[in-house]
Amino acid sequence: MTVTALDGLLLRPGDAGYEAGRAVWNATVDRRPAAIARCRSTADVVAALRYGREAGLEIGVRCGGHSFLGLPVVEGGLLIDLSAINSVTVDPARRLARVGGGALLGALDRAAQRYGLATTAGNVSHTGVGGLTLGGGIGWLARAYGLSCDNVTSYELVTADGSVLRVSAREHPDLYWGLRGGGGSFGVVTAFEFRLHPVGTRALMVNQYYEMPDADEALRGWRDLLVDTPRLATPVARVGLRDGRLMASIGYVWVGDAEEGLRLLPSYRAIGKPVETQVQELSYLELQTRLDDDERHAVRRYCKGHYLRSLPDAAIEAFLAQDNNPGARMTLNGGAIGDLADADTAFSHRDALTEFTTGDSWTDPSDDDARITAARTYAAGLEPYTSGSYVNTISDHDPAAVRRAYSPAKLTRLHDLKRTYDPANVFTQTQLGRVV
């Protein structure tokens with residue numbers, strides 16, 4: 001096949017837009033594809049895949065570019081850019097949204113919020129819907145309505161051989177299982193259909209801050225509240241720098257009526273000796289965009305994450321035992337996340353009580369080793385108490401990390417799907433594609 005089918009869509013080194021097209025969220029990724037295919041339709045994706053295969057190029061697929069490892073950007077390969085396939089159409093009567101494979105979370109949130117609706121999405125609006133959802137998709141609505149992938153009713157998928165499939169519980173149910181948490185290993189998703197929920201337009205954030213000598217008591221008190229937490233609330237504990245000092249905090253995010261959410265506040269105020277309590281009412285869209293600047297593109301990044309089925313005192317001590325790492329958080333799971341049986345989707349660890357993440361960001365490449373080592377050392381202190389990891393937070397080229405994200409039985413099933421729908425492993429630039 002010649003490149004004629006991609007005329008006007010293909011960028012090569014030196015072309016206008018090429019440098020911007022290869023840049024991703026994590027600036028530690030600095031690779032130069034041989035070409036970037038700027039697809040505007042499903043037909044363009046089919047043509048790009050055919051071109052890449054016939055040219056013998058490794059293929060990566062980009063939506064929002066938030067992969068910690070920058071997997072879509074292949075040195076000397078073909079980057080299929082879906083960012084122009086970004087339409088979002090909402091049917092408020094049926095509470096459904098059809099979302100292009102290159103859309104960002106902010107576009108989905110804005111379209112759905114016109115009707116007081118939403119579905120589970122991450123909390124940075126310039127994240128791609130595709131990458132987030134295919135890995136599972138955790139956000140402030142997950143405890144109430146399940147993961148992002150739990151709310152997908154159907155996918156439009158272009159497979160490695162160029163076939164275009166509609167995938168749902170009834171159509172290709174094996175793929176439907178794998179796409180819900182198994183990543184983008186089986187093809188290119190050019191459209192999602194999401195179930196929406198009537199959440200209103202308001203939200204509430206509560207944070208209570210503690211000096212480090214008082215943090216242990218605060219975290220134990222926070223742990224004791226978790227069992228009876230309503231599903232509309234997502235409790236969060238953090239440790240990090242505040243005004244140049246290391247402090248801990250406990251609190252929660254509530255989506256919905258603020259007065260109802262404030263009923264939890266007295267139980268938090270009774271915990272330990274806080275130095276400050278912040279209560280902020282905001283819109284749901286403000287909640288979903290409040291971290292956008294902190295999580296801007298082209299900054300060097302690293303992350304480590306763990307799931308924990310319980311939170312013993314020793315795990316709390318390890319969470320608080322950080323000094324030179326600027327931040328970590330512990331977020332309550334459960335609720336609707338655990339309503340589905342573990343076997344129902346490729347996503348794993350639905351039985352986790354909390355998710356721990358620690359991340360760092362910086363701009364000077366000479367700081368890479370020190371920053372990454374500090375995050376790894378800190379996270380290692382939690383490992384004895386963990387049950388696995390979330391595939392979307394993997395920041396190391398380490399097959400063992402992928403094996404911690406899925407059970408052996410699920411990995412076997414995912415590999416079987418891979419052999420069925422991508423026997424030549426065209427989609428190598430995914431977490432699963434790299435451990436086949």
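Atoms considered below: every heavy atom in the structure, side chains included; atoms not considered: hydrogens, waters and symmetry mates. By convention here, the first residue in the shown sequence is residue 1.
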Just to verify, what does Phe194 make a ring-ring contact (aromatic ring centres under 6.0 Å, His included) with, not counting sequence neighbours?
Phe192

Within residues 226-256 or reaching into it, pairs that qualify as ring pair (Phe, Tyr, Trp, His ring centres under 6.0 Å) - sequence neighbours excluded
Tyr252-Tyr268

Partners of His66 by ring-ring contact (aromatic ring centres under 6.0 Å, His included), sequence neighbours excluded?
Trp25, His126, His297

Does anything in residues 216-234 form a side chain to side chain donor-acceptor pair (under 3.5 Å)? List the pairs, not counting sequence neighbours.
Asp216-Arg220, Arg220-Asp313, Arg223-Asp313, Arg231-Asp339

Tell me, please, which residues at least two apart from Tyr307 pass ring-ring contact (aromatic ring centres under 6.0 Å, His included).
His349

Looking at residues at least two apart in the chain, or sitting in another chain, which of them share a salt bridge (charged side-chain N to carboxylate O under 4.0 Å, His left out) with Asp44?
none

Side chain to side chain donor-acceptor pair (under 3.5 Å) contacts touching residues 103-114 (sequence neighbours left out):
Asp109-Gln288

Only pairs at least two apart or in different chains count here, so list each side chain to side chain donor-acceptor pair (under 3.5 Å) that has a residue in residues 79-96.
Asp81-Ser83

Salt bridge (charged side-chain N to carboxylate O under 4.0 Å, His left out) contacts touching residues 281-296 (sequence neighbours left out):
Glu295-Arg301

Taking salt bridge (charged side-chain N to carboxylate O under 4.0 Å, His left out) as the test, write out the residues that go with Arg404, two or more places apart.
none

Scan for salt bridge (charged side-chain N to carboxylate O under 4.0 Å, His left out) pairs involving residues 168-187, sequence neighbours excluded, and state none if there are none.
Arg166-Glu171

The criterion is salt bridge (charged side-chain N to carboxylate O under 4.0 Å, His left out); which residues satisfy it with Arg32, sequence neighbours excluded?
Glu19

